[in-house]
2 protein chains.
Amino acid sequence: MTQTDSAVRDVEYDPGLAGAAAAGRTWHDVKQKLRSAGLRPTRQRLLLGWILFGKGDRHVTAEMLYEEATREKLRVSLATVYNTLHQFTSAGLLRRVAVDASRAYFDTNTSAHHHFFVEDKDDLVDIVANDPLIGWIPVPPEGYEVAGVNVVVRLRRKR
Amino acid sequence: MTQTDSAVRDVEYDPGLAGAAAAGRTWHDVKQKLRSAGLRPTRQRLLLGWILFGKGDRHVTAEMLYEEATREKLRVSLATVYNTLHQFTSAGLLRRVAVDASRAYFDTNTSAHHHFFVEDKDDLVDIVANDPLIGWIPVPPEGYEVAGVNVVVRLRRKR
DNA sequence: TTACGTGCAAATAATTTGCAGTCCC
DNA sequence: GGGACTGCAAATTATTTGCACGTAA
């Protein structure tokens, strides 16, 4: 049975930023989150953290986050955005998703889940399902362990 | 049941370049392959095709292929390597694999299958299994169709 | 011949780094 | 005050492009 033969079932998919406003997280929460991750709550980390974690699950590139930050209140440099994204990722607050070989996406949802990638919109969307897509994980070669599983279902607009 | 709870079974994994020598493909075969893909068999396409398809399944980046070509016989420019990889991919002779957000990998095995990625060696390895990893594919949102599924199991050297 | 390919070098794009100045604890 | 952080600009890395020249059909 090949992958293409596999059964296809209905699944809810995450509507993107819907519900963003609903997920209220206070400024104080962000500060706590940073502290408990061992990161000093500086002005720019708080701002970026606020943008990232204050509005529900998000998928961003460095450029997107930089523009959003600039559009908002505080001045942040692009380099700092990159640094901060990496610091947040090492601290386990973000998860890096490999979608294509050009840009890096960061996901505020760090739990095990997978993604749709909408090709013509460069849009990354959580796959929300009750049953796991992956039924089993192959045993890695001697001396290695599984560091993570990345599943991206690429979507194309129907002709 | 989360991804981490999933069952783990034994699986053969592709030994990399082992069997490379065995997969004899003649120069004539490569020429045929190019022609039937609608690509004019030029000197550099033949060379690159020979390297790619003459030695069994391979996973290469542009840089790797360029170095290998240079080390061999003919002079090819890096730009031509990039162009050729893309032409081969559009023609369906190669498949692009998104592993990390920095380099693009190309796989000579265009059938549906998935990969291990060995982090510290930047090495991509086919997952060869009898049962599919993915049991089902979620139904995409209205107006979209699935263009492809990319699964990468990231491996880390055991501490 | 003649459109398709190729090489080269310059242009982009995404990301990282070095270092002087700034800011939390 | 001192080390942790940040900004900026310059450096890297991966990839693409423009254009004069070469070559398979």
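Chain identifiers are assigned alphabetically (A, B, ...) following the order of the sequence lines, protein sequences preceding nucleic acid strands; residue numbering begins at 1 within each chain.
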Considering only heavy side-chain atoms of A79(A), the closest of dT15(D), dT15(C), dT17(C) is dT17(C)
Of the candidates dT23(D), dT15(C), dG7(C), the side chain of R43(B) sits closest to dT23(D)
Residue pair N83(A)/E63(B) against DNA chain D: nearer the 5' end by closest nucleotide is N83(A)
- Yes or no on side chain to side chain contact (heavy atoms under 4.5 Å, CB included) for L94(B) and T108(B), after CA distance, side-chain angles and deciding distance? CA-CA 5 Å; L94(B) 291 177; T108(B) 58; 3.8 Å; yes
message: If you compare every side-chain N and O of S77(A) against the phosphate oxygens of dG7(D) (OP1, OP2), does one of them come in below 4.0 Å?
response: yes
Here the distance between atom P of dC24(C) and atom CD of Q87(A), to the nearest Å, is 15 Å
Regarding the side chain of H86(B), the nearest nucleotide among dT16(D), dT23(D), dG7(D) is dT16(D)
To the nearest angstrom, the CZ-P distance between R45(B) and dG7(C) comes to 11 Å
Whole-Å distance, Y82(B) OH to dA11(C) P, equals 18 Å
Begin from the C-alpha positions of L93(B) and F106(B) and carry the test side chain to side chain contact (heavy atoms under 4.5 Å, CB included) through to its verdict.
-> CA-CA 10 Å; L93(B) 303 180; F106(B) 294 85; over 6 Å; no
Here the distance between atom P of dT6(C) and atom CG of L39(B), to the nearest Å, is 9 Å
Looking only at dT6(D), dT17(C), dA25(D), the nucleotide nearest the Q44(A) side chain is dT6(D)
When rounded to whole Å, the CZ to P distance for the pair R75(B) and dC21(D) reads 20 Å
Exercise for the section: Give the intermediate values and the outcome of side-chain hydrogen bond (donor to acceptor under 3.5 Å, both in side chains) for residues D126(A) and H59(A). Expected result: CA-CA 9 Å; D126(A) 281 346; H59(A) 304 91; 2.8 Å; yes
Looking only at dG3(D), dA14(D), dG7(C), the nucleotide nearest the R40(A) side chain is dG3(D)
Contacts satisfying side-chain hydrogen bond (donor to acceptor under 3.5 Å, both in side chains) that involve residues 88-98 of chain B (not counting sequence neighbours) are R95(B)-H113(B)
Here the pair of heavy atoms bringing A69(B) nearest to L47(B) is CB-CD2, 3.9 Å
Within the structure shown, what part of the strands sits under 4.0 Å from T61(A) by heavy-atom distance: base, sugar-phosphate, or nothing?
nothing
Taken to the nearest whole Å, CZ/F88(A) to C1'/dC5(D) is 12 Å
In whole angstroms, the gap separating C1' of dA14(C) from OH of Y105(A) amounts to 13 Å
Regarding the side chain of T42(B), the nearest nucleotide among dG7(D), dT6(C), dT17(C) is dT6(C)
Y66(A) atom OH is separated from dC8(D) atom C1', nearest whole Å, by 11 Å
Exercise. With a non-hydrogen cut-off below 4.0 angstrom, is R103(B) in contact with a base, only sugar-phosphate, or nothing?
Worked result: sugar-phosphate
